There are 2 protein chains.
Amino acid sequence: MTRPPRRARAVDVAAHAGVSVATVSFVVNGKAEGRVSPATRQRVLDAIAALGYVTDASARALATGRRRQVALLAHDMTNPFTAQVAAGAAAGIAEATGGTGHLLLLLGSDESGPDVEPVGAATVDGVLINYPGTLPAGRPDLPVVHLDDPAAGGHQVSMDVEVGARELARHLAGLGHRRVLHLGTPRPWSTFAQRRDAFTAELLALAPGAVVLDDRCDIDLAAGVQLAADHAQRWLADGVTAVVAATDLQAIGVLAGLAAAGVPVPGRLSVAAFDDIPFAAVATPPLTTVALPARELGRRGAVLLAGVIAGDRSEPGEPVVLPARLVVRDSTGPAC
Amino acid sequence: MTRPPRRARAVDVAAHAGVSVATVSFVVNGKAEGRVSPATRQRVLDAIAALGYVTDASARALATGRRRQVALLAHDMTNPFTAQVAAGAAAGIAEATGGTGHLLLLLGSDESGPDVEPVGAATVDGVLINYPGTLPAGRPDLPVVHLDDPAAGGHQVSMDVEVGARELARHLAGLGHRRVLHLGTPRPWSTFAQRRDAFTAELLALAPGAVVLDDRCDIDLAAGVQLAADHAQRWLADGVTAVVAATDLQAIGVLAGLAAAGVPVPGRLSVAAFDDIPFAAVATPPLTTVALPARELGRRGAVLLAGVIAGDRSEPGEPVVLPARLVVRDSTGPAC
DNA sequence: CTGTTAGCGCGTTCAA
DNA sequence: TTGAACGCGCTAACAG
């Protein structure tokens, strides 16, 4: 058993400061108040600095039962939206624990979906879930916060996707669009169903004769490009004047595919989507999209999770719903 | 001290199977061969399944000295290139440890830079570094692998950025460009310096009278847009016919800024860069860029790190250098 | 082939 | 105000 060379341990600090390990523990954990004299405390602090002592996370976890780690489960962190959620979650964790404390652990950085084994192994105190999957059994009461999954029970923070979808429907209806293609995804996420349903309902309400057709492709650039290249002519033949994608990534791909196919946007076809990732603003043409606060989603989720872990609120309160709003840019125009 | 309700422990499994904890430990860790009879082994396996037992990661880490976690230090995983590196690293870790084992821990998901505290706290067995920063003291011999940092010592995997840069120089020189603007970054990364120097050297070698001007901006879309909007006219006035950015992100921003300013690309100005993130292919016009294998960089780095941790090779061998190649698309054309 | 037992480093109760 | 001692769950010598 090769073991890394010894770092300073609490015993060493204790010896160096001429106190017991208990005292060291107290000052390290901020429980010195009324238990350790200021002078002693300082001696311990000096010893810690001198020895470069850092509490061993594993030992502490074993002793306290808290890992100081939380996981963010997502299916693909290569997706800009997910990356923003993660960045927000990291910020939220730092914020909620005072910087020093829990840290963020990303699983499933790939399309293959998260490896949830660590969750079962009690590597984490809680989980932020941003994909519809199942947790490993064996940890039934692990604190969990669902992100952007309105259908999930329990603690959750989501976004007012419906409001945004309706705003988009109004925008398009006002532009005269009556036949729009909705580009969904093969993934059964409740948020996507919600986007589609709210959009459709509002469009039909505003324009009774309107028709919403359906198509779908994976959430990635290449899939969008391919789909548009293959289906653009059919869409046009079907009388479609606008396509609404579930995500910006798909829409940006579609934009590229349409450009390659020589279909003018928004001249011949309007394109809109959801998310407002940074690339949406620099697409050609700049993409009209329902801006979803990804970063804030992650941040709020992390703060909520930290609260649940700390025991602030064990009962799932009102789900947190973040605002979404339509950002009109140049990819949408009057129906032709 | 509130403690989560008890999950099954090794003792429970042992009791359930009518064996000792040692036996349980052996079968759990795959060391049953020649020590535990197949029948006993099966009994233990059944007990594990029945009880839903999962080894506690903290306890195991404390006992073995290995955390089964590695960290990837990066400054912003919101950057598509970084995200790919991370995805590759996750795959590499899984590959090197047989899937069940080390997991990836991302730090510094933000622009603020990584929070290296966990490294000091011995939360990880090794570190993958993708930014020029310092590790916390106190862990002098922690296994480290540098990614895309040719100037770093020790174990490292990088990319043949120089070859790519020279190829780009040849491409541009062949197109008649003699005055090109190099768009660098404020960050002192050795890889960026290398990109610039190799490009410049080759261009001057091919076209003795050529001039490479300098400008710089942060590695993000908005910075590129802003810079182009502000400086495009000056660049043109200076006789610049091509701009080479250190990263695709900057270039894509520049493309958008140029479009807004009404400067035709590649008609009036050619634009090229490094990385080949997925968005480069769908930019308008599609971006000519030096493709850098981000995913493979992460994967190889992880595999190498796993090897170092396992003790396969403690001496930094030949640095791994991955190939880079120029991908010519439509953003570059003849100098005007 | 299987069981016993001593740590791993830290947190915390209890006694001093 | 401080120190001694036990337990967290697991691994791995060492006995048997």
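Just so we're on the same page: letters track the sequence lines, and every chain starts at 1. This structure is a prediction, so every number in the text was calculated from the model and none was measured.
- Out of dG11(C), dT2(D), dC10(C), the shortest distance to the side chain of Y53(A) is found at dC10(C).
- For R41(A) and D46(A), the salt-bridge test fails: no basic side-chain N is under 4.0 Å from an acidic carboxylate O.
- A donor-acceptor pair is defined here as one N or O able to donate and one able to accept, closer than 3.5 Å; no such pair exists between the side chain of T23(A) and the backbone of V19(A).
- Closest contact between the side chain of A63(B) and the listed nucleotides dG3(C), dA5(D), dC8(C) involves dC8(C).
- At the heavy-atom level, V19(B) lies under 4.0 Å from the strands shown only through sugar-phosphate atoms.
- Per the geometry, CZ belonging to R9(B) stands 16 Å off C1' belonging to dT11(D), to the nearest Å.
- Looking at heavy-atom distances under 4.0 Å, T23(A) makes contact with sugar-phosphate atoms alone, never a base.
- Rounded to whole Å, atom P of dG9(C) lies 17 Å from atom CG of N29(A).
- If you check the side chains of D148(B) and S158(B), you find no donor sitting under 3.5 Å from an acceptor.
- Side-chain N/O atoms of R67(B) and T123(B) include no donor and acceptor closer than 3.5 Å.
- You'll find that the side chain of A22(A) is closest to dA4(D), out of dC10(D), dT2(D), dA4(D).
- To the nearest angstrom, P of dC8(C) lies 14 Å from CG of L62(A).
- Contact check for R300(B) versus V303(B): no side-chain heavy atoms found under the 4.5 Å cut-off.
- For dG11(C), one of the phosphate oxygens OP1 or OP2 lies less than 4.0 angstrom from a side-chain nitrogen or oxygen of R60(A).
- Look at CZ on R67(B): it is 16 Å from P on dC10(D), rounded to the nearest Å.
- Residue T64(A) places no side-chain N or O under 4.0 Å from the OP1 or OP2 atom of dC8(D).
- Put simply, the side chain of D56(A) gets close to the backbone of S58(A): a donor and an acceptor are under 3.5 Å apart.
- To the nearest angstrom, C1' of dT2(D) lies 16 Å from CZ of R41(A).
- At distances below 3.5 Å, not a single donor-acceptor pair connects side-chain atoms of D12(A) with backbone N or O atoms of A8(A).
- Rounded to an integer number of Å, the gap from CZ of R66(B) to C1' of dG9(D) is 19 Å.
- Direction change of the helix axis from one end of the helix from dC1(C)-dG16(D) to dA16(C)-dT1(D) to the other is 40°, with five pairs defining each end axis (rounded to 10°).
- Note on T40(B): only backbone sugar-phosphate atoms sit closer than 4.0 angstrom, heavy atoms only; bases stay farther off.
- Annotation: of the two residues near DNA chain D, A59(A) and K31(B), the 5′-most nearest-nucleotide partner is A59(A).
- In this structure, the CZ atom of F26(B) is 9 Å from the C1' atom of dT2(C), given to the nearest Å.
- Remark: the D149(B) side chain and the S190(B) side chain contain an N/O donor-acceptor pair separated by less than 3.5 Å.
- R35(A) comes within 4.0 angstrom of a base, heavy atoms only.
- Rounded to an integer number of Å, the gap from L51(B) CG to dC10(D) P is 12 Å.
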